[in-house]
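Below is one structure, written out as structure tokens; the observations come after it.
Heavy atoms only: backbone and side chains are in, while hydrogens, waters and symmetry mates are out.
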Amino acid sequence: RFNETNGWNGTEGEVVDSSGNESPGTALGGLTTSTNLFGLHADFSGVDNWIEAPSSSNLQMAGDLTVSFWMKPTTNLTGTLIEKSTNGEFGVCLNTTGLYFQHGAATSGGNNWSWSAMPSGQWTAGQWVHVAFVRDAASRTVRVYRNGVPGSLVTYTAGITYEPIATTNALRLGMES
């Protein structure tokens with residue numbers, strides 16, 4: 001949990017992790033803050049600014065996982081919103097057709113597992129929407145929630161290229177061009 005009221009004013013540099021897990025991030029690409037409905041928050045342009053937290057043992061996310069975030073898309077953005085290696089632990093990507101969740105090893109001759117969880121018509125440009133993905137590694141399922149309402153539940157195929165795998169990649173929030 002990055003808490004912008006706890007020591008980060010939007011200037012480039014360290015973003016405080018207030019969860020107690022000691023995983024601070026670094027604001028990059030001119031990332032700033034602004035205030036709105038939710039108070040002070042990182043104001044991502046959707047193009048070239050992000051927060052990066054270096055890999056650590058408490059950021060290994062190859063098993064059960066919940067990824068929860070607010071988004072307010074203002075244009076037809078295309079890119080990765082959140083990732084801990086889309087070819088490993090997980091990634092959340094947005095393109096003109098929808099919001100995708102993916103994981104697995106895109107090895108030579110293999111593909112990562114990708115799921116179109118929310119077609120683009122399930123949110124309105126310029127309006128806030130809360131999204132959560134819940135992955136259950138034992139049952140090989142992922143469910144999406146939109147504004148707290150359970151959506152689709154899918155099962156991902158077992159196989160070496162489709163299993164989420166731990167990486168030493170940094171956790172990134174936002175887009176880098």
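- Under the 30°/60° scheme for interplanar angles, the aromatic rings of F101 and F90 are found to lie parallel.
- At a threshold of 4.5 Å between non-hydrogen side-chain atoms, the residues T26 and W50 do not count as touching.
- Counting all heavy atoms, side chain and backbone alike, R143 lies closest to G151 at NH1-O, 2.8 Å.
- Under the 4.5 Å side-chain contact rule for hydrophobic residues, V67 and V129 share a cluster.
- In terms of heavy-atom proximity, L99 sits nearest to M71 at CD2-CE, 4.4 Å.
- Here CE of M61 is found 11.5 Å from OG1 of T66. Values are rounded to the nearest 0.5 Å.
- Annotation: side chain to side chain donor-acceptor pair (under 3.5 Å) contacts of R135 (sequence neighbours excluded): H103.
- Proximity of V144 to M118: side-chain heavy atoms (C-beta onward) are separated by under 4.5 Å at one or more points.
- Hydrophobic clustering of Ile, Leu, Val, Met, Phe, Trp and Tyr side chains at less than 4.5 Å, counting indirect connections, unites V142 with F69.
- Formation of a donor-acceptor pair under 3.5 Å by the D64 side chain with backbone atoms of A137 is found in this model.
- Residue V134 is found in a hydrophobic cluster whose other members, listed by chain and number, are Y145; membership requires side-chain heavy atoms under 4.5 Å apart, directly or through intermediates.
- Across K84 and T168, no two heavy atoms sit closer than the pair NZ-C, 4.3 Å.
- W128 places none of its side-chain heavy atoms less than 4.5 Å from the side chain of N147.
- Annotation: the span from R172 atom CZ to E83 atom CD amounts to 6.0 Å, rounded to 0.5 Å.
- Both F133 and L59 are members of a single hydrophobic cluster when ILVMFWY side chains are connected at heavy-atom separations under 4.5 Å.
- Closest non-hydrogen pair, S23 versus S56, comes out as OG-OG, 3.7 Å.
- With rounding to the nearest 0.5 Å, the separation of CZ in R146 from OG in S152 is 10.5 Å.
- Taking CD1 of I82 as the reference point, atom CD1 of I51 lies at 10.5 Å (rounded to 0.5 Å).
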